**Q** 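Once you've had a glance at the structure underneath, I'll fire off some questions.
Scope of the values below: all heavy atoms of this structure, side chains included, with no hydrogens, waters or symmetry mates. Predicted, not measured: the structure shown is a model, and the values here were computed from it.
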Amino acid sequence: MSSIEEKLKIAQQEHLLRFLDRLAPDQRTRLRSQIEEIDFEQLRRLVSGEDATVNWAELAMRAEPRRQLDSMTHPEFSLTDAIARGEAALRAGEVGMILVAGGQGTRLGFDSPKGLFPIGPISGRTLLQMHCDRLLAMSHRYAVAIPMYVMTSPATDTETRAYFDQHERCGLAEEQLRVFCQGTMPAVDDQGRVLMASRESLALSPDGHGGLVAALGKHGCLNEARQRGIQYFYYAQVDNPLAELCDPALIGYHILANSQMTTQVVKKRFATEKVGNVVSIDGKVQIIEYSDLPDAAAQQTTPEGALKLWAGNIAVHILDRDFLEKVVDSAEGLPFHRAHKRVAFVDENGETTDPKEPNAIKFERFIFDLLPLAERAYVVEGNAAQVFAPVKNANGADVDTPAHSQRALCDLHRRWLEAAGATLAENVRVEIHPAWALDADEVRAKLTSISPDQLRFEADTLLR
């Protein structure tokens, strides 16, 4: 371990070996491999602020709002043309799905990967199953097996793979599912000392969804996608069960605009909502994360009293495969964002401490920082009630709880049924499985063959 000791001495991180004498050979090997993966000089610059290459506060004050549009209405292209172009790409097998599933359910009080959280209001389907069910229905509609690339983190990889194994890949064919793991960054305390999760392991955190590009390249996913004929990736995060995976309209807008990276936005509910802010800076589409946006910038309003920075990022993107291949190396230079978080650690006596308040700094890259690298980027507004109901906080919180998400799902499906002529008793919950209907049009087509007396729903119902 002499080379490791010297490396840690130079980095002033010698405490990482304080329990070395108590470790078994395999534990020593694990600790050594984790230490060898760390670029301590980069870490030093990040902690000191030398690598703070982006002045977010200055950018925020220069940011111009995106043009505000009615949902899914874009004067450059008609919605009809966009849907037709997107459907053509789907039928041709040119679309792949990327689902980011690296988060734990800690904030939900759920001791497993967030993707395994049961969210179906009536069915109890997990977030992962919800997304797979939609992808299967889309594959059936367009007579093509749409592949899904699921990015896990070291914290979720084993359980996620086991879940797919135990549930027969949630119905996906073996060649349709590809699971790969993202990289990590160490968490540090306020003095820049790397924390330890246990006596033989560092406190490592996923390197953010911006680590996607490097992980796609490292695990051969981009090469595989090229061989499949994939031209476009539909990107979403596992915690949003309303994400309209492989929506042909969004894909079509992306293609018609000749965009390299397209972002779906919704109107922010309030100025400091915890979503990225989609803006124009020097004529380029960029996203300023809520944690990087000063309150003064967030609170800006127009002369009419509306929010100036109104466009909220919901982590739904369309990405050209060619673009991702070109920026694999450049993505290593994406800026790191600092987040002050609670991180459990072992103290100098080897005892585990679970702090009640934020005690550590985590470093993450974000996928949307690819936007400045794109020669052409496009923004499409969506209706939040149809596309965004994330599961982030435990029930009892003000926003983004399982209860909020389930209500949004039921309300959406209720609107579909009522628009088709059905009557639902007050407070009745309804959940529509994608295998029964993917959208309001399919619901209307289903109900035309049902007698009027069957169009009234008096109790909670799962339509499948």
Side-chain angles (χ1 to χ4, degrees), residues 1-54 102-104 106 152-158 181-215 217-219 329 331-366:
M1 299 284 287
S2 58
S3 63
I4 296 291
E5 290 173 356
E6 182 63 22
K7 180 178 183 178
L8 294 178
K9 183 177 181 181
I10 293 171
Q12 299 182 336
Q13 302 279 357
E14 300 99 316
H15 65 284
L16 298 180
L17 297 181
R18 65 159 64 106
F19 305 115
L20 190 64
D21 293 342
R22 310 181 206 179
L23 303 182
D26 62 327
Q27 293 174 322
R28 288 188 176 206
T29 299
R30 179 186 182 195
L31 180 60
R32 177 185 180 124
S33 65
Q34 289 182 345
I35 292 172
E36 287 179 332
E37 287 289 318
I38 297 176
D39 182 339
F40 283 102
E41 175 55 23
Q42 178 194 57
L43 188 64
R44 182 195 67 77
R45 295 195 305 270
L46 289 170
V47 171
S48 68
E50 291 177 34
D51 263 9
T53 55
V54 178
Q104 288 279 67
T106 308
T152 62
S153 68
T156 67
D157 188 70
T158 299
C181 189
Q182 69 185 113
T184 59
M185 284 290 288
V188 302
D189 64 19
D190 292 333
Q191 286 74 49
R193 289 157 49 95
V194 175
L195 296 174
M196 300 192 72
S198 65
R199 296 182 180 187
E200 72 276 2
S201 179
L202 308 185
L204 300 174
S205 300
D207 58 0
H209 41 73
L212 169 75
V213 186
K218 176 182 177 181
H219 296 286
D329 294 331
E332 286 300 312
L334 292 181
F336 276 99
H337 298 251
R338 299 161 63 102
H340 206 205
K341 298 288 185 71
R342 289 192 307 112
V343 174
F345 66 97
V346 295
D347 61 21
E348 58 187 17
N349 299 315
E351 299 296 325
T352 299
T353 298
D354 192 1
K356 303 299 182 185
E357 300 295 331
N359 65 307
I361 300 169
K362 291 184 176 183
F363 300 98
E364 297 178 310
R365 287 183 169 123
F366 296 155

**Q** For Glu41, enumerate each residue passing the salt bridge (Lys or Arg N to Asp or Glu O under 4.0 Å) test, keeping only those at least two apart in sequence or located in another chain.
**A**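 Glu41 satisfies salt bridge (Lys or Arg N to Asp or Glu O under 4.0 Å) with Arg44, Arg45 once adjacent residues are dropped.
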
**Q** Determine which pairs satisfy salt bridge (Lys or Arg N to Asp or Glu O under 4.0 Å) with at least one residue from residues 346-364, sequence neighbours left out, and list them in order.
**A**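 Only Arg342-Asp354 qualify under salt bridge (Lys or Arg N to Asp or Glu O under 4.0 Å).
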
**Q** Find the distance between CD1 (Ile35) and CD (Gln13) and round it off to the nearest 0.5 Å.
**A** 9.5 Å

**Q** Please tabulate, for side-chain N and O atoms in residues 201-208, each donor-acceptor pair with protein atoms closer than 3.5 Å (sequence neighbours left out).
**A**
from	atom 1	to	atom 2	distance (Å)
Ser201	OG	Gln34	NE2	3.3
Asp207	OD1	Gln182	NE2	3.0

**Q** I need the minimum non-hydrogen distance between Val343 and Ala360, along with the two atoms involved.
**A**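 Nearest heavy atoms, Val343 then Ala360: CG2-CB, 3.6 Å.
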
**Q** So, taking the atom named OG1 in Thr106 and the one named NZ in Lys341, what distance separates them when rounded to the nearest 0.5 Å?
**A**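 Nearest 0.5 Å value for the OG1-NZ distance: 10.0 Å.
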
**Q** Give the minimum heavy-atom separation between Phe19 and Val346, together with the two atoms involved.
**A**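 Of all heavy-atom pairs spanning Phe19 and Val346, the closest is CE1-CG2, 4.2 Å.
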
**Q** Would you give the length of the straight line joining atom NZ of Lys7 to atom CZ of Arg32, rounded to the nearest 0.5 angstrom?
**A**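 Spacing of NZ (Lys7) from CZ (Arg32) equals 9.5 Å.
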
**Q** For Gln191, which residues count as a side chain to side chain contact (heavy atoms under 4.5 Å, CB included) partner, sequence neighbours excluded?
**A**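 Testing Gln191 for side chain to side chain contact (heavy atoms under 4.5 Å, CB included), a comparison that skips the adjacent residues, returns Asp189, Arg193.
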
**Q** Starting at CD1 of Ile38, measure out to CG of Leu16 and round the result to the nearest 0.5 Å.
**A**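 Reported value, rounded in 0.5 Å steps: 7.0 Å.
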
**Q** By the ring pair (Phe, Tyr, Trp, His ring centres under 6.0 Å) test, which pairs, at least two apart or in different chains, include something from residues 340-364?
**A** none

**Q** Going through the distances and angles, do Val194 and Leu43 end up as a side-chain contact (heavy atoms from CB on, under 4.5 Å)?
**A** CA-CA 9 Å; Val194 175; Leu43 188 64; 3.6 Å; yes

**Q** What heavy-atom pair brings Pro154 and Cys181 nearest, and what distance separates the two atoms?
**A**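 Scanning both residues, the minimum pair turns out to be N-SG, 3.4 Å.
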
**Q** With sequence neighbours excluded, what pairs up with Asp26 under the side chain to side chain contact (heavy atoms under 4.5 Å, CB included) test?
**A** Ala24

**Q** The criterion is side chain to side chain contact (heavy atoms under 4.5 Å, CB included); which residues satisfy it with Leu23, sequence neighbours excluded?
**A** Leu20, Gln27, Arg28, Leu31, Arg199, Glu200

**Q** Take atom CD of Gln12 as the centre, draw a 6.0 Å sphere, and report whether it contains more than 12 heavy atoms from other residues, nucleotides or ligands.
**A** no

**Q** Tell me, please, which residues at least two apart from His219 pass side chain to side chain donor-acceptor pair (under 3.5 Å).
**A**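 His219 satisfies side chain to side chain donor-acceptor pair (under 3.5 Å) with no residue once adjacent residues are dropped.
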
**Q** Rounded to the nearest 0.5 Å, what separates atom CD in Gln42 from atom CZ in Phe336?
**A**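 The CZ atom of Phe336 is 4.5 Å from CD of Gln42, to the nearest 0.5 Å.
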
**Q** Would you say Arg18's side chain and Gly350's backbone share a donor-acceptor pair under 3.5 angstrom?
**A** no

**Q** Please examine the side chains of Met185 and Leu46, heavy atoms only from C-beta on, and report whether any two atoms are closer than 4.5 Å.
**A** yes

